[in-house]
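Reading through the structure tokens given below for one structure.
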Amino acid sequence: QVQLVESGGGLVQPGGSLRLSCAASGISNMIYNMGWYRQPPGKQRELVAMITTDRKTNYLDSVKGRFSISRDNAKNTVYLQMNNLNPEDTAVYYCAVKTQGGSDFNQGRYGYWGQGTQVTVSS
């Protein structure tokens, strides 16, 4: 059974940082591209960051320079480091496995999803 277990969400002040973790089981994420999505309240889900099997990364324009996706193959874990957070980053964040498609940020299909973790940026 494929499971993606997320942690690291919570409440943070504007300008602060959080690191989200996604531990995978039942699958070796070293052979898949991985992504982080988010869904702000009342809005559509959007792809925030993607990392390929060879650690190439790409990001949503609004988070470039602030967010960093990484992976630790030994721990079968994907991370999203989020810096300089602002209230617009408030959302439920999901990690996902890219089961189809290549390294194109705007292409592909994510077949496995985590449960989502709430990130709230507020003073």
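Basis for what follows: all heavy atoms, side chains included, without hydrogens, waters or symmetry-related copies.
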Side-chain contact, heavy-atom cut-off 4.5 Å: L11 with S122?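 They are in side-chain contact.
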Is any side-chain heavy atom of V119 closer than 4.5 Å to a side-chain heavy atom of M82? yes
So, [X] side chain and [Y] main chain: donor-acceptor pair closer than 3.5 Å or not?
X   : Y    : answer
R66 : N84  : yes
Y59 : I69  : yes
N76 : I27  : yes
Q13 : S123 : no
N86 : V121 : no
K98 : Q107 : yes

I need the minimum non-hydrogen distance between [X] and [Y], along with the two atoms involved.
X    : Y    : answer
S103 : M50  : O-CE, 3.0 Å
L4   : A24  : CD2-CB, 3.6 Å
A91  : P41  : CA-CD, 4.5 Å
E6   : G114 : OE2-CA, 3.9 Å

Taking [Y] as the starting point, is it possible to reach [X] by hopping between hydrophobic residues whose side chains are less than 4.5 Å apart?
X    : Y   : value
V5   : Y93 : no
Y112 : M30 : yes
L80  : L18 : yes
V97  : Y79 : no

Pairwise distance [atom1]([X]) to [atom2]([Y]) - rounded to 0.5 angstrom:
X    : Y   : atom1 : atom2 : answer
T117 : Y94 : OG1   : OH    : 10.0 Å
R38  : R45 : CZ    : CZ    : 13.5 Å
E46  : S62 : CD    : OG    : 6.0 Å
Q115 : C95 : CD    : SG    : 7.0 Å
E88  : K43 : CD    : NZ    : 7.5 Å
Y110 : T99 : OH    : OG1   : 9.5 Å

With ring centroids as reference points, do W113 and Y37 lie under 6.0 angstrom apart?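 Yes, close enough.
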Got a sec: does the CZ of R109 have more than 12 other heavy atoms crowding it under 6.0 Å?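 Open: at most 12 neighbouring heavy atoms sit under 6.0 Å from CZ of R109.
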Does either side chain, that of N33 or that of T52, offer a donor lying less than 3.5 Å from an acceptor on the other one?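 Absent: no donor and acceptor within the cut-off.
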Might you work through the side-chain contact (heavy atoms from CB on, under 4.5 Å) test for F67 and L60, ending with a clear yes or no? CA-CA 9 Å; F67 289 13; L60 184 69; over 6 Å; no
